[in-house]
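Scope of the values below: all heavy atoms of this structure, side chains included, with no hydrogens, waters or symmetry mates. The first residue of the sequence shown is numbered 1, and numbering continues consecutively from there.
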Amino acid sequence: MSETTKAGGPAGGRGGKVGARPVRLGPRSVTALVLVSLVGLAAFCWPLFADAGSAVTSHAGDAPWLFAALLPLLVAVVVATIADCGMDAKAVAMLGVLAAVGAALRPLGAGTAGLEPMFFLMVLSGRVLGPGFGFVLGAVTMFASALLTGGVGPWMPFQMLSMGWFTMGAGLLPGPGRLRGRGELLMLSAYGFAAAFAYGTIMNLQGWVLLQGLSSGISFQPGAPPYENLVRFLAYVTATSLGWDLGRAVLTVVLTLTIGGTLLRALRRATRRANFEAQVTFGGLEKPPAGEAPHRTYVTYEPE
């Protein structure tokens, strides 16, 4: 009995090759991501709406609770993505490898004018692997790097959320299956430049509420109207962190334009070989013409 294939052969996909596409978002994945993002936004912003007499007016007291809520929510995103896309242990293994590489990259530039090469890796990984996978990767990478560098503190769960959003945004960029080459690198560079400032700004919001009464012009004033505190916050960001964020943004652009193409190809090759979403089904024997014995089995490879 001979064996042949239908719709693409052993490599899966038509023409014998499966394209490397980002892991798609299903309804459960979207629900999990929206839930964790709403929890994150509430955690970042609630001090702006707290009364002056509130017992807790900074993030120092809520960080442990946020971390306790964040871990099961991250697990929920992974489970939802697996349920929607049929991923297996290969996807989880790639998540672990990329998180380890990102965690190892972070200490190389931490503390030096904001030069953090891990942001470049997160942009490319989010682009190749998609928003859901990217969000989990960003958060897990920041958690692993905090353990590696001893940077565990009230800021850690907020860093995990911010890096998750940063990586997820790269996965939401347009043209994941069509745009390639120089145009894609330019788009990723522009995103990395803007998102590096966005990451620094939202992390400043976490630290800024700890600075109460230091200066009437830039410090957080508990109980003040939100718009007044936002004006102070913008002044604080301008005065303290624009230079730091600029170093991070420029390094992300330089690395993306110089070695981004090589790394994108490597990530896509690994994703294609892992073939996360391929589904294999086996058909029955083909009904032979009258007088002939069965001789063919159909194997169908159907990437979603």
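To the nearest 0.5 Å, atoms CG (Leu255) and CG (Leu121) are separated by 10.5 Å. Here CD1 of Ile202 is found 4.5 Å from OG of Ser162. Values are rounded to the nearest 0.5 Å. The line from CZ of Arg268 to CZ of Arg180 is 3.5 Å long, rounded to the nearest 0.5 Å.
Nearest approach of Ala146 to Met156, heavy atoms of both residues: CB-SD, 3.5 Å. Listed here is the closest heavy atom pair of Met122 and Thr167: O-CG2, 3.3 Å. Between Phe197 and Leu242, the shortest heavy-atom contact is CE2-O, 3.9 Å. A pairwise comparison of heavy atoms in Leu185 and Leu264 identifies CD2-CD1, 3.8 Å as the closest pair.
At least one side-chain heavy atom of Leu98 sits under 4.5 Å from a side-chain heavy atom of Leu129. By the 4.5 Å heavy-atom criterion applied to side chains, Leu124 and Arg127 are not counted as neighbours. Considering only heavy atoms from C-beta on, Met118 comes within 4.5 Å of Met142 through its side chain. Residues Asn204 and Phe233 are in side-chain contact: their nearest non-hydrogen atoms beyond the backbone lie under 4.5 Å apart. With contacts defined as side-chain heavy-atom distances shorter than 4.5 Å, the pair Leu161/Val36 qualifies. Annotation: side chain of Thr256 is not in contact with side chain of Leu186 (no heavy-atom distance under 4.5 Å).
In this structure, Phe166 and Phe119 have perpendicular ring planes: the angle between them is above 60°, well past the 30° mark.
Placement of Phe44 and Leu41 within a single hydrophobic cluster is found when ILVMFWY residues are connected by side-chain heavy-atom separations under 4.5 Å, directly or transitively.
In this structure, Arg248 is not positioned above the aromatic face of Tyr199 in the sense of NZ or CZ being under 6.0 Å from the six-membered ring centre and within 45° of the axis.
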